[in-house]
Amino acid sequence: QVQLVESGGGLVQTGGSLRLTCEVSGLTASRLMMGWFRQAPGKERVFVALSRWTDMGTLYADSVKGRFTISRDSAKSAVFLEMNSLKPEDTAVYYCAATGRLNSGRGRPDYDYWGQGTQVTVSS
């Protein structure tokens with residue numbers, strides 16, 4: 001059974017930092033493209049960042065570039081999202097996603113497995 005479990009969300013002030021963790025079970029994490037998405041209240045779920053297993057390349061949404069960093073620990077079957085210089089507009093539920101397919105990774109249909117999400121709230 002495939003499971004993705006996010007943790008590390010919480011309440012932080014503007015300018016603060018959080019580190020999200022996504023633990024993967026039931027899949028070989030080292031051969032997955034892993035992504036992070038977020039969904040703000042009343043808005044669609046949007047791409048934040050991805051990590052490809054093929055070349056260990058990463059990609060970020062323009063809104064988080066330079067502030068967020070995605071990384072993975074294949075030995076622990078986990079992927080992380082380090083978030084710095086947080087802004088109120090970063091407030092959202094953050095979702096981890098995974099797929100063994102090769103595609104752009106920037107859209108929801110690109111992923112086959114999803115976690116339940118973790119809430120991030122940035123106060124002004």
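These values consider heavy atoms only, across backbone and side chains, with no hydrogens, waters or symmetry-generated copies.
Using a 4.5 Å cut-off between side-chain heavy atoms of Ile, Leu, Val, Met, Phe, Trp and Tyr, with links allowed through other members, Tyr111 and Val93 fall into the same hydrophobic cluster.
Listed here is the closest heavy atom pair of Ala92 and Arg38: CB-CB, 3.8 Å. The heavy-atom pair separating Arg101 from Thr99 by the smallest distance is N-OG1, 3.0 Å. When all heavy atoms of Tyr95 and Arg45 are compared, the closest pair comes out as CZ-NH2, 3.4 Å.
Summarising the geometry, atom CG belonging to Leu11 is positioned 6.0 Å from atom OG1 belonging to Thr121; distances are rounded to the nearest 0.5 Å. Taking CD from Gln13 and OG from Ser124, the interatomic distance works out to 9.5 Å, rounded to the nearest 0.5 Å. Atom CD in Gln3 sits 9.0 Å away from atom CD in Gln116 (nearest 0.5 Å). One distance of note links CZ of Phe47 with CZ of Phe37; it measures 6.5 Å at 0.5 Å rounding. Here CZ of Arg52 is found 9.5 Å from CG of Leu102. Values are rounded to the nearest 0.5 Å. Remark: Lys43 NZ to Gln39 CD distance equals 11.0 Å, nearest 0.5 Å.
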Given the rule in the side-chain contact (heavy atoms from CB on, under 4.5 Å) test, do Arg67 and Asp90 qualify, once you have shown the distances and angles that lead to the verdict?
-> CA-CA 11 Å; Arg67 300 187 298 122; Asp90 294 319; 2.8 Å; yes
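Neither side chain, Thr91 nor Glu89, offers a donor N or O lying under 3.5 Å from an acceptor on the other. Looking only at atom types and distance, the side chain of Ser104 has a donor-acceptor partner in the side chain of Asp110 under 3.5 Å away.
Using a distance-only test at 3.5 Å, with no hydrogens or angles considered, a donor-acceptor pair links the side chain of Thr14 to the main chain of Ser123. At distances below 3.5 Å, not a single donor-acceptor pair connects side-chain atoms of Asn84 with backbone N or O atoms of Ser17. Side-chain atoms of Glu82 never come within 3.5 Å of backbone atoms of Thr69 as a donor-acceptor pair (strictly under, hydrogens ignored). Between the side chain of Glu6 and the backbone N or O of Cys96 there is at least one donor-acceptor pair closer than 3.5 Å.
Around CZ of Arg31, the count of heavy atoms belonging to other residues, nucleotides or ligands within 6.0 Å does not exceed 12. With a 6.0 Å radius and a threshold of 12 heavy atoms from other residues, nucleotides or ligands, Arg106 has its CZ atom at or below the threshold.
With a 4.5 Å cut-off between side-chain heavy atoms of Ile, Leu, Val, Met, Phe, Trp and Tyr, the cluster of Leu32 takes in Val2, Leu4, Val12, Leu18, Leu20, Val24, Leu27, Met34, Trp36, Val48, Tyr60, Val64, Phe68, Ile70, Val79, Leu81, Met83, Leu86, Tyr94, Tyr113, Val120, Val122.
Cation-pi geometry between Arg72 and Trp53 is not satisfied (NZ or CZ under 6.0 Å from the ring centre, within 45° of the ring normal). A cation-pi contact links Arg19 to Phe80, judged by a cut-off of 6.0 Å to the six-membered ring centre and 45° from its axis.
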